[in-house]
Each structure stands twice: as C-alpha cells, then as structure tokens.
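The next block holds one structure in the form of structure tokens; read it before the comments.
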Amino acid sequence: MKKIHSLSRIALSAAIIGAGFVNAQAADETIRQLAKERGRFIGTILNSEWFNDAIEPEFEEIHKTQFNVVVAENEMKFDATEPKEDVFSFEKGDKMVKYAQKNGLRVRGHALAWHSQVANWVNDYKGQKEKLLAVLKNHITKVVGHWKGQIAEWDVVNEAVNDDYNADWRSTNSVWYEGIGAEFLDSAFVWAHEADPDAELCYNDYSIEWGLREGSKASFVVEQVKRWKANNIPITCVGTQTHIEIAHETTPQNVRALAKALAELGVTLNITELDIGFPKGSAGNLTEADYAKQGHLYRQFMDVFLEEPNMGEFVIWGLTDAHSWLDDQQGKTEGLLYDKQYNPKPAYDSVMASLKAHPASEVKTPYPDSVLNPPVKCDTDNCDDPIAIKTHTKLSSISMHLAGRTLFVTGLASKTAAKVELFDMQGRPVFSTKNAKGNVDLSSISEGLYVVSIRQGATRFTKRIAIK
Ligand code: XIL
C-alpha cells in the first residue's frame, strides 16, 4: 500500500481550481466536458487504493469531474472476480459500476482472458483443454452476465501476442494458450457476445504502438482482426495500451496508422492504458523542458485521437503521479497528467489545448447517440445527487479579447503576476510572459490559430484565438 498524504481542504480546492474549474466558461473547461461535446470518452483508471477508501479525497473529486470513462486497475481481472473456482467476487467491481452510474461515467471492463493475474486454482487444470475451455466459458459468461448492460466495453482478450516480435501468439506462460491453443481467443469473443450482445468487445495489447512493419506485433494484430471479421467473430475494437517513455517520439503517428488500418476493417481503436514515463533515475531532476516535452507527446496522442474518426476512448493508466504502477513495477516515473500533489502538469494543459484546437463540429464520433447518451441506469440511494462538477464550479473574473496584435486581459487580481502563454495548434509553446499586467503585445507572432492560456495563482483561463 502506498503512503497516503493528508492534504488539507485548501489544497483540495487549489487542486480542483488548478484543474480548470475557475474561469469564465467553467463548465467547458474540464476534459470531461470537452470530450463529451466531441462524442469521445477520455478517462483514467480508478487506482486500486480507491476501492479500499485509501486514497486522498482529491483523487475522486478530480477523477469524476475531469473524465467520462473509467476502468478498474485490477478489480475486474480474473483473480479478483473468481478467486475460487465458480465462487465470484463482484463487490469491488459493483462499487465502481455504481460510482460510474452515479457520476455519469462510461465503464470499460478489464480484462477477461489474460495470461496474467489468473487465479492460482486455474493452474490445477494446466494442459486440460476441455476443462480450461469450461473454466473460461463459465468465467466470461458469469462476469459479463453480472454486469450486462452496465459495462459498455470489455477487453475480452488481453496481451495474447508474444513479446519477441516474431508475430505469433504468446505460447509460453499462458495457461489458456498452452492448454487450449489459439481458439481460446475466438471462443472468448463468442462467449462474451452471448453474455452481453450490446457490449463492445476489444482485443487489447501493448507494443502495438510500434508501427505496422512486416512481422510487427501491430501487423499481426491487424491480420487477426481481418480473420476474426471474416469469420464473424464479434470483435468491435482494438485497444493499444501505449505504456511508453518520453523518448518514444514516433508512437503517436504509429497509432494513427493503426487506426487507419483498423478503420478499413470497421473496427474502433482505443488508447487504453496510456502513460508517458520518465526513467525512474531522473526523478527530482526533471526540468520544465522535460515536462513540456511530455506534454507535447500527450498532445500528439490527443491530436491523433481526435482526428481519426474510428477512435473512441482515450484512457490514461492513472491520474496522479502519486499512485502509478510505473514507479512500483516499471522503473519509470511521473507519466501522468497530475503531479504528486494533484496539480495539473503541462501534459494536462496540452490535452486541453488539443481538445480546444479540434472543435466539436470537426471531431467525428464512432458512437451512436444511444451510446453517447445512454439511459440513466441508477438504482442507488443518491443517484439524483448532482455530480461534484457543479459544487466546484465558480466563475473567474479573468477574460480576454484580442484587438489587432494586442491581447487585452481583464479581471486579473492586482497583486499577483499572471502568466500568459500562447501555443500553436500542434501544442508547441510560441510565446510566454510571466508578468502580464493587462495588455500583452503579440506583434512578433505570425498569423494563424493559437490557444492562449492565462494563469494567475490557481486561476486559469484558456481560449482559442486567430491572429491576423
Ligand atoms: C497493472 C496494474 O496497474 C498493477 O497494479 C498490477 O499489479 C499489474 O497490472 N497491462 C494491463 C494492465 O493490461 O492490467 C496492467 O495493470 C498494466 C499492463
């Protein structure tokens, strides 16, 4: 269990304010709101601490106000849901589904057939094909059936392609593949579809952001999707986990190419587990430029996501750097949108800037209205409560307008310095002044579209402008 900080309520409001709630268009200023307007789902996991009420209050407040899709970090996996043979444990998953319903979040289910985090008892049946088929069928039928109509999308099979890039299935250390063979994948999709015909069903894997080269993992996955579609296996989506590092600069465009290849097959591509980590050894020595670079990569992923019409979900594998599997298990650090004190990082601003640079009128959604605005399913006590987004919405005094090449900023508090920054439509910083008093001269800026960000203390304001 990670150490729990005890931050004051003041810090909480600062974090919430910093997350973009205090400005002239407060309700428009969350990732959640902008995602919804664009017919897309952007979210993070609920880290496992949340399920045990062992996480800072900031976590949930930010989580439900900023995002519109949620995934359980571990609590819907095989070992969590069927710890003993045919004895199911749904309490934690139920808690999350209720939370999602109460707060209007879409739920991704993760993950049904995976070689990892399988309950130990399954290994008693190693190599027994018929028994393993029965075990997997029972598991999928009962888990998907339990949340039928409540979980919009499942990772039906996770990480079934091997690591050594010879484009084949993972053939070792997989109780399912070793006992059943590749047909476990096809069957898993069929059983999941039988248990909930309306759920979207994904194949999810890592390293498929490495490009569609001959023999690559991504190319192998695309070939399998072709085969599944040709054989009427009910797959509707692929998830690219995208656990990457700051140096992996080509990955966003690889994801774009993968999206285009899958579009031809009528399949959606989702980014399902994004984190962009720094090497662990760099902790404590990271500079503003490092965080800006991280923001730039986040920005490129969000650009690709919004520009490709068959992309639907963008899920980040954690909310705050205070709770991330990167530090514990990956030798990486600080890969998320919020720092350890729950302050939004430049990566957060980049995601917002990308959303603003892609107006709702230009972003296509792969989902019908019934998916974007599902009927409210809520039978818990407090379902009528307004979600927390309302309680934290305050109006900022800051506003701005552009006259020629001068930006007039009004409503700044007189005592504190305001920082005004300008980003181009690719999210690159093009102008910055730390001590804006009211009028900002932009005569050095070329014609074009930009996003202005104004920050004063914990208050922020962002707006798209056209310089002529
Ligand atoms: C990770 C969790 O974050 C950890 O808490 C857990 O100990 C191991 O699994 N790919 C996946 C996720 O599909 O389920 C993994 O989550 C990260 C890699």
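Atoms within each ligand, like the ligands themselves, are counted from 1 in listed order.
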Does Lys129 form a salt bridge (Lys or Arg N to Asp or Glu O under 4.0 Å) with Glu183? I'd like the steps, not just the answer. CA-CA 11 Å; Lys129 182 167 180 172; Glu183 69 187 79; 2.9 Å; yes
Could you list which atoms of ligand 1 come closer than 4.0 Å to a heavy atom of Glu159? 10 (N), 11 (C), 13 (O), 18 (C)
For ligand 1, find out whether one of its N or O atoms is nearer than 3.5 Å to an N or O atom of Asn204. no
In a check of ring-ring contact (aromatic ring centres under 6.0 Å, His included) between Phe41 and each of Tyr367, Phe314, Phe305, which one passes? Tyr367
So for ligand 1, is Asn74 a polar contact partner (N or O within less than 3.5 Å, distance only)? yes
Checking contacts here: is it the side chain or the backbone of Asp328 that comes within 4.0 Å of ligand 1, counting heavy atoms only? Could be both or neither. neither
Distance under 6.0 Å and angle within 45° of the ring axis: does Lys217 meet both against Tyr206? yes
If we only count heavy atoms from C-beta on, is the Thr272 to Glu313 side-chain gap below 4.5 Å? no
Nearest non-hydrogen contact to atom 1 (C) of ligand 1 from the set Gln241, Met76, Lys77, His323 belongs to Lys77
Min N/O separation Asn158 to ligand 1 under 3.5 Å: yes
Measure the distance from atom 7 (O) of ligand 1 to every protein heavy atom, then report the residue, atom name and distance (to 0.1 Å) of the closest one. Gln329 NE2, 2.9 Å
Got a sec: does the CG of Asp369 have more than 12 other heavy atoms crowding it under 6.0 Å? yes
From atom 12 (C) of ligand 1, work out which of Gln330, His243, Glu273, Glu73 has a heavy atom at the shortest distance. Glu273
Please determine if Lys131 forms a cation-pi arrangement with Tyr125, meaning its NZ or CZ atom is less than 6.0 Å from the six-membered ring centre and no more than 45° off the ring axis. yes
Check Tyr206 against ligand 1 and report side chain, backbone, both or neither, counting heavy atoms closer than 4.0 Å. neither
Distance to 0.1 Å, residue and atom name: give those for the protein heavy atom nearest to atom 8 (C) of ligand 1. Gln117 OE1, 3.4 Å
Testing Trp210, Phe301, Phe278 one by one against His248 for a ring-ring contact (aromatic ring centres under 6.0 Å, His included), which residue passes? Trp210
